[in-house]
> 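A single structure is presented below for examination.
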Protein chains: 2
Amino acid sequence: MANVNHPRRVTIREVAAQAGVSVQTVSRVVNGHPDVSEETRARVQEVITRLRYRPNGIARSLAAQSSQMLGVVASGFQLFGPAQLLTGIEQQATELGWHLMLQIVDPAKPNDYDRVTANLISQNVEGVIWAYPELTGERERAFHQQIQPHAPIVFLSMGPQPGSAVLNVDNRYGARLATEHLIARGYRHIGIITGPMALWSAQQRKLGWQDALASAKLPHRSRQVVEGDWSAASGDAGLMKLVAQFPQLDAVFASNDQMALGVLKAADRLGRRVPGDLGVVGFDDIPESAFFKPALTTVHHELMELGRLAVRELHRVIQAKREGKPATATSLVLQPWLVVRESA
Amino acid sequence: MANVNHPRRVTIREVAAQAGVSVQTVSRVVNGHPDVSEETRARVQEVITRLRYRPNGIARSLAAQSSQMLGVVASGFQLFGPAQLLTGIEQQATELGWHLMLQIVDPAKPNDYDRVTANLISQNVEGVIWAYPELTGERERAFHQQIQPHAPIVFLSMGPQPGSAVLNVDNRYGARLATEHLIARGYRHIGIITGPMALWSAQQRKLGWQDALASAKLPHRSRQVVEGDWSAASGDAGLMKLVAQFPQLDAVFASNDQMALGVLKAADRLGRRVPGDLGVVGFDDIPESAFFKPALTTVHHELMELGRLAVRELHRVIQAKREGKPATATSLVLQPWLVVRESA
DNA sequence: TAAAATCCCGATAGCGTTCACAGTTTTACC
DNA sequence: GGTAAAACTGTGAACGCTATCGGGATTTTA
């Protein structure tokens, strides 16, 4: 019974025996190395397909000292941003022949960082993409120190990291665009609902909002600011709080589209017409935002592309390392743009 | 230069040498085996932490003939359903100590199935979760045949699979609930916007809609049906098409919430009030749906829980197999429920 | 006190590949 | 025809760990 489900796996030795060649020759055929005659190659190939031989990737990794694996540290796939990022990463990785080891860290568990680090090292990842946008400083440095000797790291959506590449969307610029658009449309009392302020991207978006107000000589006081958590619910609650603490409010920059949706909902409940009584701009340009009522004006950025770039950058560095060349990490910033619709 | 970035990894041998014991003893300490005195255990442990030794997972997998790895085949993380599923899978997997090998298959590429299959086998996954909801029949069978000898499979959101467990949300029942609710509210000309009809879940939801209409002795003609692609855009276009081909339409069951949002948008443009002139019910209960205008009545299901269950089921089967016991695959269906809000 | 059991620990042999090197055969050229 | 180079193939030793077995030291049992 057990043997029915567990037929011994076909190994390279059996293929070699059947084909009447050495193990090494089979290896050469499998890996497409030269130095094997067409004739034997064909014979070996035939045996391989007949026996349905699949090289054992684990043994291969051990022998060749290369795992063909990239580690990805992320916060999950539920939010739009991370999901886009991971999609891009996954696509580019499989295109380049890398396997992915996905590590989701739970911010609630303080020693999750250690678990993740241990996993990455023990699985011999050859590179790491840090797509977890928190900046606690302390923990990151520890992570950095532990991983760096083993594998190069590319950071996404983070502040500058000495010695490593950081790829970013220019959140600050995007937020500035959004806010300037509100100003251009005549709004003067512009509040902001930020993301969780522990996140670099949320901080940057707030700074962009400040930039725009400052260069228009408009005030930005703390009562114009409410911190949200990216959810529509927090956007809704955020607007309620804003109008309470800042009654002259006539526009809101919501730091993502979900929160903007919440703002639209709350505005409706308050009897404030958008864009007439209240201007709203979001961030992300999620596919649904065009179908909000009114259609949401928002900031578009190419997160999927950012994910792809991260893999390519890592690939480049790893290749260079393999060839013994010194690899210089190159950071990069992608520019977002404004998508004007009806909400402002 | 190269050596600066590539400090030789600490191996078990070095630990053994430093601690003055055999390699085997270190192995025992690392794996928490008994039969090692407290004294030597402490000594070894000390060396381990001092040298920052991390066991090489790849070597371990090869020697122990167990990869600690589960394969997950999915369509991506962009849609709500898959993202929820994957979240649950990931959580439960790490709780149980499994690593995940995520394989995204691109429906556009016909031989992606082969690539995925080859990857899973070559990495020696000990179990597979098939979370890719397409039912092409042909391809699945091939996959099944190739993987099954190596590892047990659990299918998600699929029709019955002989010999394997299938975990499902009762989509048919959920859709029936939604449609019955519309009928109960007095709507009589109920259209449906389906998901891509190649998907089992989309088919089931359509059947549920039919069930409800049939038992209320209401007709369900093909002009009441439009096929969407889960996107808000297709929901918008879907309603336009429905009103054109079925003018008496007074309610719509949208097979997911995004499409429902599109329907709301199109209804607004057509000057149809919801729920007054048009009843709308969705499916999924995405967090945003409560903030649609009007708040969406929809069907709630526990996809995350389904993902967790899938891992547990696989775990159970694998454990049984390891202990030589025959494992019987147990399928399971989760019941969704209706969340009544304002759109019907 | 001898026999048996228990507790520790080490030596050896793999796991399924690839790598470095060595060997053998064929081809090329003068 | 001889020699050097190329083309092809095989051998043995890793890679870093665990499984298995066996053996010495210590304790328990009769």
Side-chain angles (χ1 to χ4, degrees), chain A residues 6-45 47-48 51-69 118 121-126 150 322, chain B residues 6-45 47-48 51-69 118 121-126 150 322:
Chain A
H6 259 314
R8 282 297 291 110
R9 228 187 117 120
V10 181
T11 77
I12 199 174
R13 246 183 286 275
E14 299 169 48
V15 175
Q18 293 256 346
V21 296
S22 76
V23 164
Q24 182 55 240
T25 299
V26 178
S27 171
R28 276 192 268 256
V29 171
V30 169
N31 295 306
H33 286 180
D35 286 355
V36 41
S37 72
E38 267 319 310
E39 188 195 351
T40 55
R41 184 185 297 278
R43 194 167 71 246
V44 171
Q45 199 58 262
V47 176
I48 287 177
L51 262 51
R52 284 182 202 276
Y53 165 68
R54 312 257 189 192
N56 183 329
I58 292 180
R60 197 201 288 238
S61 294
L62 184 61
Q65 296 287 73
S66 89
S67 62
Q68 293 283 49
M69 190 136 62
I121 294 178
S122 85
Q123 290 297 310
N124 290 11
V125 295
E126 300 185 53
H150 298 276
R322 278 184 186 160
Chain B
H6 259 315
R8 282 296 293 109
R9 225 184 120 125
V10 181
T11 76
I12 199 173
R13 247 183 286 276
E14 300 168 49
V15 176
Q18 292 258 341
V21 296
S22 76
V23 165
Q24 183 54 236
T25 299
V26 177
S27 170
R28 275 190 270 256
V29 171
V30 169
N31 295 305
H33 286 179
D35 284 357
V36 41
S37 72
E38 266 322 307
E39 189 196 351
T40 55
R41 183 185 299 277
R43 194 168 70 245
V44 171
Q45 201 55 263
V47 177
I48 287 178
L51 263 49
R52 287 183 202 277
Y53 166 68
R54 312 255 192 193
N56 182 328
I58 292 179
R60 199 202 290 239
S61 293
L62 184 61
Q65 296 286 74
S66 88
S67 62
Q68 293 283 48
M69 191 135 61
I121 295 178
S122 86
Q123 290 297 309
N124 289 10
V125 295
E126 299 184 54
H150 298 277
R322 278 184 185 161

> Return no unless some side-chain N or O of Asn31(A) is found under 4.0 Å from OP1 or OP2 of dT18(C).
yes

> Just verifying a value: how many Å separate His150(B) NE2 and Arg9(A) CZ, rounded to the nearest 0.5 Å?
6.0 Å

> Could you give the distance from CD (Glu126(B)) to CZ (Arg322(B)), rounded to the nearest 0.5 Å?
4.5 Å

> So which nucleotide from dC15(C), dT18(C), dC15(D) ends up closest to the side chain of Ile12(A)?
dT18(C)

> Taking the side chain of Arg60(B) as heavy atoms from C-beta outward, which of dC15(C), dA20(C), dT18(D) is closest to it?
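The answer is dT18(D), which lies nearest to the side chain.
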
> Can you tell me which nucleotide in dC15(C), dG10(D), dA19(D) comes closest to the side chain of His33(B)?
dA19(D)

> Measure from the side-chain heavy atoms of Ala64(B) and tell me the nearest of dT17(C), dG16(D), dA19(D).
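Among dT17(C), dG16(D), dA19(D), the one nearest the side chain of Ala64(B) is dA19(D).
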
> Closest to the Ala63(B) side chain: dT11(D), dG14(C), dT17(C)?
dG14(C)

> Which part of the nucleic acid, if any, lies within contact of Pro55(A), taking any heavy atom under 4.0 Å across all strands shown: a base, the sugar-phosphate backbone alone, or nothing?
sugar-phosphate

> Please pick, from dC9(C), dC8(D), dC17(D), the nucleotide with the shortest atom-to-atom distance to any side-chain atom of Asp35(A).
dC8(D)

> Expressed as a whole number of angstroms, how long is the span from Leu62(A):CG to dT18(D):P?
12 Å

> From C-beta outward on Ala59(A), which listed nucleotide comes closest to its side chain: dA19(D), dG10(D), dG16(C)?
dG16(C)

> Mind checking Val21(A) for me? I need base, sugar-phosphate or nothing, with any heavy atom below 4.0 Å counting as a touch.
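Sugar-phosphate, backbone atoms only, no base.
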
> Could you check which of dG10(D), dG16(D), dC9(C) has an atom nearest any side-chain atom of Thr40(B)?
dC9(C)

> When you get a sec, tell me which of dT18(C), dC8(D), dG10(D) is the closest nucleotide to the side chain of Ser37(A)?
dC8(D)

> To the nearest 0.5 Å, what is the distance between CZ on Arg28(B) and OG1 on Thr40(B)?
9.5 Å

> Taking for each residue the nucleotide of DNA chain D with the nearest heavy atom, is it Ile58(B) or Arg28(B) whose nucleotide lies nearer the 5' end?
Ile58(B)

